Number of protein chains: 2
Amino acid sequence: MRTVEKQNKKSRLNESLKNSGMKLTRQRKLVYDTLLEKLDHPTAEDLFFRARKKQPEISMATVYNCLEALVKCGLVKQVKVGKNAVRYCANLCEHAHFVCEVCGAIFDLDRDNREKFKNMQIKIPRGFKIHNFEIAIHGTCSDCNILRI
Amino acid sequence: MRTVEKQNKKSRLNESLKNSGMKLTRQRKLVYDTLLEKLDHPTAEDLFFRARKKQPEISMATVYNCLEALVKCGLVKQVKVGKNAVRYCANLCEHAHFVCEVCGAIFDLDRDNREKFKNMQIKIPRGFKIHNFEIAIHGTCSDCNILRI
DNA sequence: CTAGGTGCAAAAGGTTTGCGGTTAA
DNA sequence: TTAACCGCAAACCTTTTGCACCTAG
């Protein structure tokens, strides 16, 4: 990663935390970096193991706390699909998630749908206000479809 | 409820269970009826307390088992929003859920959006297959907006 | 008659919390 | 300097499971 990008990333994290009245700590940076490294929608536990490789003292509770902070300041979103632990997503574009019912993998659907999501005018009752929305599509991915033939 | 409707409901439950190789039991009927009574997206625990009023011997585990059976046979859907227990929904129309971030209430959005959801052509990668999708909209409901002014 | 379901209690996740020590600003 | 945060362990809440008994078909 180029130096400029690193600075952008760090300052984005710092700013976002500061805007929400929170501090930039080593652990929060570590968890955020770890999440950005591999955009595969890891669970808190996944992130714990990945983060521990770089900072062995970090604890599970800290990972949860850091993720909570990152969600609060708007840099990370929770993804609740399947029947297991919550997954985390640092992709801030409006996008849908495709969940493979066979292998459990989660794919971001954004490239071809961004306009569609932007223009989607869902009708809501008078007086309601929308903050954001999430779309989860359940199905089977190409790899699993091939294996099933 | 008219007798015809009762029969339709019972036979629908019976057929759906049978199609999935499961039996119609008193508890499954009770849990399904209880869910249909009040379409407020209750948790398993909510349903347990409501069902227990009619059949005090029913256990929490049975409520979970019955809900699992109802989900498997396609009559009930799980709704995962907010940070607490899974909620259950017996509305089988394609619809989105509006989740109030203040009071936690969940509203079905279908009336004005059914066509939109049907026609929504989300682009997915080659080889992927869609089974179904869920849309959750987060925001604030009219009651909570009034109280906040 | 018997496969499948129930009720109970106990265990298993996943997540949160209380607390003493540490650190960012 | 000090409010906020970390690491640990224990608690908590939701959900699942094992097992003896029961029941729908």
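What you are looking at is a predicted structure, and each value in this text was computed from that prediction instead of being measured.
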Upstream residue (5' side of DNA chain D) when B:Thr25 and B:Met60 are each assigned their closest nucleotide: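 This one resolves to B:Met60.
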Could you say whether A:Arg28 or A:Ala61 is positioned toward the 5' end of DNA chain D, judged by the nucleotide with the nearest heavy atom to each?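 Result: A:Arg28.
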With a cut-off of 3.5 Å and sequence neighbours excluded, list every side-chain donor-acceptor pair involving residues 61-74 of chain B.
unit_1, atom_1, unit_2, atom_2, d
B:Thr62, OG1, B:Ser59, OG, 3.0
B:Asn65, ND2, B:Ala61, O, 3.3
B:Glu68, OE2, B:Lys72, NZ, 3.4

Can you list the residues that meet the side-chain contact (heavy atoms from CB on, under 4.5 Å) rule with B:Lys129, with sequence neighbours excluded? A:Thr140, A:Asn145
Only counting residues at least two apart or in another chain, list the ones meeting side-chain contact (heavy atoms from CB on, under 4.5 Å) with A:Ile130. A:Ile124, B:Phe98, B:Ile137
Listed in order of residue number, which residues of residues 72-85 of chain A have a non-hydrogen atom at under 4.0 Å from DNA chain D? A:Lys83
[X]: side chain to side chain donor-acceptor pair (under 3.5 Å) partners, not counting sequence neighbours:
X	answer
B:Gln55	B:Arg26
A:Thr43	A:Asp46
A:Glu134	B:His138

Please state how far atom [atom1] in [X] lies from atom [atom2] in [N], giving the value in whole angstrom units.
X	N	atom1	atom2	value
B:Tyr64	D:dC13	OH	P	13 Å
A:Glu57	D:dC6	CD	P	13 Å
B:Leu67	D:dT16	CG	P	10 Å
A:Leu13	D:dC5	CG	P	12 Å
A:Arg26	D:dG7	CZ	C1'	12 Å
A:Gln27	D:dA4	CD	C1'	12 Å

Same cluster for [X] and [Y] if Ile/Leu/Val/Met/Phe/Trp/Tyr side chains link at under 4.5 Å?
X	Y	value
B:Ile106	B:Leu47	no
B:Val99	B:Phe133	no
B:Phe49	B:Leu30	yes

Using heavy-atom distances to pick each residue's nearest nucleotide on DNA chain C, tell me which of A:Val86 and B:Lys23 is more 5'.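 In this pair, the answer is B:Lys23.
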Are side-chain heavy atoms of A:Pro125 and B:Phe107 found at a separation under 4.5 Å?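 No; the side chains remain at least 4.5 Å from each other.
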Residues A:Asp33, A:Arg50: salt bridge by 4.0 Å N-O rule: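 Judged by the 4.0 Å cut-off on N to carboxylate O distance, A:Asp33 and A:Arg50 do not form a salt bridge.
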Got a second to check how far B:Tyr32's OH is from B:Leu24's CG, nearest 0.5 Å? 11.5 Å
Kindly state which residues belonging to residues 42-52 of chain B come within less than 4.0 angstrom of DNA chain C, counting heavy atoms of the residue only, listed by number. none
Give me the first and last nucleotide of DNA chain C, going 5' to 3', that has any atom under 4.0 Å from a heavy atom of chain A. C:dG14 to C:dA25
To 10°, what angle do the rotation axes through the five end pairs on each side of the helix from C:dC1-D:dG25 to C:dA25-D:dT1 form?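 Taking five pairs per end, the axes differ by 50°.
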Pick base, sugar-phosphate or nothing for B:Glu68, based on heavy-atom distances below 4.0 Å to the nucleic acid.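 Counting heavy atoms under 4.0 Å across all strands, no contact is made by B:Glu68.
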Identify all side-chain donor-acceptor contacts of residues 79-95 of chain B below 3.5 Å with residues at least two apart in sequence or on another chain.
unit_1, atom_1, unit_2, atom_2, d
B:Lys80, NZ, A:Gly82, O, 2.0
B:Arg87, NH1, B:His41, O, 2.7
B:Tyr88, OH, B:Gln78, NE2, 3.3
B:Asn91, OD1, B:Cys93, N, 3.0
B:Asn91, ND2, B:Asp108, OD2, 2.8
B:Asn91, ND2, B:Asp110, OD2, 3.2
B:His95, ND1, B:Cys93, O, 2.6
B:His95, NE2, B:His97, NE2, 3.0
B:His95, NE2, B:Asp108, OD1, 3.3

Could you list the residues that satisfy salt bridge (charged side-chain N to carboxylate O under 4.0 Å, His left out) with B:Glu37, not counting sequence neighbours?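 B:Lys54.
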